[in-house]
Amino acid sequence: MEFILDILYIYIAIYSLYFLALAVRNLNDRPFKIEKRYAQFAEKGNLAVVIYARNNKATLENLISELKMQDYPIDNFRVFVILDNCADGSEQLFANEAFVNVINIKDVGTVGKDQAVSMLIERLSKDETIDAYVFMDADRSIAGNFLTSVNSALVNHSTLSGETLMLTDNFGPVDKIKAAYQKYHMNFMRKARSLFGLAASADSGVFVIKKSIVDEIGCVDFKDINSELKYSMLLSKIKCPCTYNPNIQTYVDTINYEFRKPRLSARLNLFKNCFKELKTKNFTFVEHTFSLLNPNIWMILLVYAAVMKHAYRYYFFVDFKIVLFTFLILLAGFGISLINSKLRFKEIVLLCLYPIYSLCHIIKNLPPVRIVRNKIANREELPADTEKLEVEAFVMNNAGRELPCKLEFISEAGLAKIKFMYKSRKFVTGRHLRMIDALQELRQKLADYNFILKLCSCCKYFTSNIDGSTNMLKGFCNSDYPSPSIKEPKATLIWNSCTDFEPVEMTNIIDEDELETEV
């Protein structure tokens, strides 16, 4: 037991010194300021701006307008927009637009960012005029010097991630705490590591990489936050680490922003795989591998508490005063780190509340607690014979504003239910004999809060297909969209959607005498 305590103390003592070094280094961010000042004088490279869109019509139109107003020579960049099964009329924005190269993916379902981007990269792989790719999500907004900053940063680095700025006015208390932590993490931890020349994690929301690196690797990996971390480790391994640059800034609306963090299990598994390959002189890869083991605040406090108690009462391999000194080093590092973190006083208060949120999050996701929560909320663990289908959708408020959400259609033991997900909020319907009845319950729940679900089954042009199936998933669309030349009704499914959506009264989705209501 004492041997384990010895190892843990050495671990957090080293981390305390590392934390202080980062805090001191972050006080001088002059290199970024110099780079920003002389960015316009860097030799102009040819950039391919790749924008991934999934029903982001409003923000996409704004982003394209901002790209047109860049202070970067228009002959030195091209814009590629990937429309992934968009049902909001995004393709209509570029009907006569020579500025944008549109890749419209339709009639094959939603392929996802990773596959969609990979398809475009394969198409552009033989284009020798491209020097670097600039990947962005369509929900971003940029300043007029964005591409100039990107080009300047590419002079010294091959792969780059940038800073994401968000407005927190519409955030709830918990989201404001997470936003304060994220701002602190970017302006201190990520920036200080970059100043030391250490690797950062890739962020597909805004990611820059030289084409030669993509050609060498053969792909990008944007499936999720865990795969992006894995991709970052690969870049470090080939000595082209991703570097964080605060001059590359994008803005995102609070409605579209999603807080993401790699799972602990994913980091541990990745460390296990990378540890086998540490017999190398590549310091960046070695350091990046061990950075996967960064402790959270509660682990640090618990270890220090246990070590100080033991060292004060019993024999320890170092004196109690040394243990106390390393703890004070950690506190000093935290105080210094706040100096150049650009946090307002209110944000510092929110940051100090982050450990409480972190503890609650840990407790909430403990297996016994999760089981109890699922039972209380009538969300049992899904049995082996369960089938699930997740689709992206929109809900509209009274003002006609569309909010992105997700629906999970679940069939288990012959019964159907639907999980509605919007950011951190979830609602699960009761179990019904038919999927269309579960959808009716969800529609009613949303209607109580003045929201309309934008799906085919909620549209006045939809008629159900009585095909003898229990779930009644199929139907017909009687709209003239996309062409009035189509005389017969088009086949569709209850969860599909298009731009010609018009809501229908609640009782018109299916015949009233067919409804089976569950209280």
- Query: Please, which pairs that meet ring-ring contact (aromatic ring centres under 6.0 Å, His included) have at least one residue in residues 322-352, sequence neighbours excluded?
  - Reply: Y304-F327
Check the surroundings of atom [atom1] in [X]: do more than 12 heavy atoms from other residues, nucleotides or ligands lie under 6.0 Å from it?
X	atom1	value
R260	CZ	yes
K176	NZ	yes
K230	NZ	no
L366	CG	yes
E61	CD	no
K106	NZ	no
K44	NZ	yes

Distance-only donor-acceptor pairs under 3.5 Å for side chains of residues 347-359, two or more places apart:
residue: E347; atom: OE1; partner: K183; partner atom: NZ; Å: 3.1
residue: E347; atom: OE1; partner: R344; partner atom: N; Å: 2.8
residue: E347; atom: OE2; partner: K183; partner atom: NZ; Å: 3.3
residue: Y354; atom: OH; partner: K261; partner atom: NZ; Å: 3.3

- Query: What orientation do F99 and F77 show, parallel under 30°, tilted 30 to 60°, or perpendicular over 60°?
  - Reply: perpendicular
Using a 3.5 Å distance criterion without hydrogens, assess whether the side chain of [X] forms a donor-acceptor pair with backbone atoms of [Y].
X	Y	answer
T159	P241	yes
D84	A53	no
N296	M299	yes
N151	E43	yes
E97	L93	no
S149	N145	yes
E66	I142	yes
E408	V391	no
N101	V79	yes
N85	V111	no

- Is there a side chain to side chain donor-acceptor pair (under 3.5 Å) between N282 and T280 once you walk through the steps? CA-CA 5 Å; N282 185 351; T280 174; 5.2 Å; no
- What do the steps show when you test F222 against F135 for ring pair (Phe, Tyr, Trp, His ring centres under 6.0 Å), and what is the final call? CA-CA 10 Å; F222 293 160; F135 297 103; 5.5 Å; yes
- Show your working on side-chain contact (heavy atoms from CB on, under 4.5 Å) between M136 and L63 and close with a plain yes or no. CA-CA 10 Å; M136 279 193 295; L63 179 56; 4.2 Å; yes
Does a donor on one side chain and an acceptor on the other come within less than 3.5 Å for [X] and [Y]?
X	Y	answer
S204	E228	yes
Y15	N294	no
D203	S161	no
Y184	S337	yes

Can you give me the closest heavy-atom contact between [X] and [Y], atom names plus distance?
X	Y	value
F285	E277	CE2-O, 3.7 Å
D88	S90	OD1-OG, 2.6 Å
K342	N187	CB-ND2, 3.8 Å

- Under-4.0 Å salt bridge between D127 and K211: no
- Item | Salt-bridge criterion met for D131 and K210 (N-O under 4.0 Å) | no
Of all residues at least two apart in sequence or in a different chain, which pass the salt bridge (charged side-chain N to carboxylate O under 4.0 Å, His left out) check with [X]?
X	answer
E287	R193
E392	R54
E122	none

- Given the rule in the side-chain contact (heavy atoms from CB on, under 4.5 Å) test, do F427 and L446 qualify, once you have shown the distances and angles that lead to the verdict? CA-CA 10 Å; F427 169 74; L446 291 172; over 6 Å; no
- Query: Going through the distances and angles, do F451 and Y449 end up as a ring pair (Phe, Tyr, Trp, His ring centres under 6.0 Å)?
  - Reply: CA-CA 6 Å; F451 287 105; Y449 292 93; 7.5 Å; no
Please list, one pair per line, the donor and acceptor atoms closer than 3.5 Å that link side chains of residues 263-274 to other protein atoms, with sequence neighbours excluded.
residue: R267; atom: NH1; partner: L292; partner atom: O; Å: 2.6
residue: N269; atom: ND2; partner: S265; partner atom: O; Å: 3.2
residue: N273; atom: ND2; partner: N269; partner atom: O; Å: 3.2

